[in-house]
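Every chain is numbered from 1, with letters handed out A, B, ... down the list of sequences.
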Amino acid sequence: MTDPVDRLLDAAESGKSLIKNRDILQTTYVPATIQHRDEEAKIVAQSLLPILKQSRPSNLLVYGKPGTGKTLVVKKVLSKIQERVKKSNFPIKLVYSNSIEETSLSGFLVSLGRQLGLTAKELPITGLALDEVFKRVLNKIDEGKLNTIFVIDEIDNLADLVAKSGKDVLYQLTRANERLKQGSITLVGISNTLTFKEKLDPRVISSLGEEEVVFTNYNPNQIKKILEERINEAFIDNSVEEGALNLCAAKAASVSGDARRAIALLRVAGEIAERQQSDKVKPKHVEEAAKKIEEDKEDTTLKSYTLHERLVMVAIMKANGSSTGEIYSTYKNLCKITRQEELTNRRITQMLSEIELDGLITGKIIRQGIHGRTKKHTLGTSITPKKIKKIYEKDLILQDIL
DNA sequence: CCTCCACAGGAACTGATGGCGT
DNA sequence: ACGCCATCAGTTCCTGTGGAGG
């Protein structure tokens, strides 16, 4: 009469684990060599040579779709340069920031400052004028005679923030060297789109785009090779079926050529296979993994929604396939039942397009002549009413309307 | 051919929040 | 204590639009 938990743990203990080194399957893991990217790595290194020679800061722009290894290559090259330069009296300070994680310009600048060693006291998250934050960051560099390399990932996002606020932080960054008596700033911008330049101030382009590197998409064969290398290191021998490997590569390549996705898919498939006590990772595990990743993503976005976003989701669920106007009145009804103050039409329209961006619903503009123009909103195929109910059933306010 | 519907979606504003500097 | 500066969710006001129906 064993406890079910014990039984589960016993099984897990005695069961073979297919994965021998989990870290290698993390997408943040930097492999010893980055395959198929020698050319690009060389260009990156080349354009950063001036720093190594201590002559002058030089900026660089890197393009490539997500999962093409651009960030990895840049990090790799930079850490090599840093290594070489360590012994000299010209140390380099690496600062990496991913703009997608920052919702505001000051947040971005503060994260740069923090990495330079400014404490919360010296550089508070909020309360300071942008110019003041900028000044403090520059002071730190000046005082410490720091030679900094700012790696700005997803720089497109930052460019959007700049455009929205009208504060030309990027321009100031490119010109900051003129304000520094000691130390220097080198910028490495990483962008997902080739067209993002159009969004930038031409003065920024001229100094930031001195050098450019383009990372092309991986093709299925390259993805397969990348996966093979990781499999060799992370899995025990002969534990991934050829068919599963091919499916991983094919799935990732067909969507985007995104190697990160392929690796994530492989990892989850491996975990599923282990849990099922399978002795090998099989194609069906990959299928299940793809489904699970998708569902997990949906669940977390659904959970991240605010009360009114949730109300809108429920409204769409109740009036699946109807127009903005109909959804709005359904939503207003729900507000009445739950005794919430209703938001304006405009805000709901905006929420609808935000939810669409999250991929949970699809909107289709339809024109009905004299009956005007509207958008029909439909739940995504994998977003069932059942799923929404399950996730929101714990929400006390929503209980009555589910 | 013109009109006019039912919204889409941009822009500018508001008010709360929050912490700094003096 | 008070003003300043920035962010954020939300509001107000607005202009734009393709085609069915007259």
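- Distances shorter than 4.0 Å separate none of the side-chain N or O atoms of A:Lys164 from OP1 or OP2 on B:dA11.
- Here C:dT7 is the nucleotide among C:dT7, B:dC7, C:dT12 with the atom lying nearest to any side-chain atom of A:Ser106.
- Between A:Glu342 and A:Lys336, none of the side-chain N atoms (NZ, or NE/NH1/NH2) sits under 4.0 Å from a carboxylate O, so this pair counts as no salt bridge.
- Of the candidate nucleotides C:dC5, B:dA11, B:dA8, B:dA8 has the atom nearest to the side chain of A:Ile365.
- A close approach under 4.0 Å does not occur between any side-chain nitrogen or oxygen of A:Lys121 and OP1 or OP2 of B:dC20.
- A:Ile125 comes within 4.0 angstrom of nothing in the nucleic acid, heavy atoms only.
- Geometric assessment of A:Lys75 against the ring of A:Tyr96 yields a positive cation-pi assignment under the 6.0 Å and 45° thresholds.
- Judged by the 6.0 Å distance and 45° axis criteria, A:Arg37 is positioned over the aromatic ring of A:Tyr218.
- Distance CG (A:Leu128) to P (B:dG18): 17 Å, rounded to an integer number of Å.
- A cation-pi geometry, defined here as NZ or CZ lying under 6.0 Å from the six-membered ring centre and within 45° of its normal, holds between A:Arg203 and A:Tyr171.
- Counting only heavy atoms from C-beta on, A:Arg367 has its side chain closest to C:dG19 among B:dC7, C:dA6, C:dG19.
- Residue A:Gln340 contributes atom CD, which lies 15 Å from atom C1' of C:dG10 at whole-angstrom precision.
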Are A:Lys224 and A:Glu242 close enough, and set up right, to give a salt bridge (Lys or Arg N to Asp or Glu O under 4.0 Å), and what steps lead you there? CA-CA 10 Å; A:Lys224 195 175 160 190; A:Glu242 177 78 11; 3.2 Å; yes

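- The side chain of A:Thr103 lies closest to C:dC8 when the candidates are C:dG10, C:dC8, B:dA11.
- One atom, CG of A:Leu161, and another, P of C:dC8, lie 9 Å apart when rounded to the nearest Å.
- Residue side chain A:Arg373 does not reach the base of B:dG9 through any donor-acceptor N/O pair under 3.5 Å, judged by distance alone.
- Rounded to a whole Å, the CD atom of A:Glu341 is 15 Å from the C1' atom of B:dA16.
- With respect to the salt-bridge test (charged N to carboxylate O, under 4.0 angstrom), the residues A:Asp258 and A:Lys65 do not qualify.
- The interatomic distance linking A:Asn345 (CG) with B:dC7 (C1') rounds to 8 Å, in whole Å.
- Nearest to the side-chain atoms of A:Ser104 among the listed nucleotides C:dG19, C:dC8, B:dA8 stands C:dC8.
- Taking every side-chain heavy atom of A:Arg347 into account, C:dT11 is the closest of B:dG19, B:dG9, C:dT11.
- Atom NZ in A:Lys167 sits about 11 Å away from atom C1' in C:dT7, given to the nearest Å.
- Taking atom CD1 of A:Ile370 as the reference point, atom C1' of B:dC5 lies 6 Å away to the nearest angstrom.
- At whole-Å resolution of the value, CG in A:Leu130 and C1' in B:dC20 are 14 Å apart.
- Of the candidate nucleotides B:dC7, B:dA11, C:dT7, B:dC7 has the atom lying nearest to any side-chain atom of A:Thr324.
- Ranked by how close their nearest DNA chain B nucleotide is to the 5' end, A:Gly127 and A:Thr374 are led by A:Thr374.
- Out of C:dT11, B:dC7, B:dG21, the shortest distance to the side chain of A:Leu343 is found at C:dT11.
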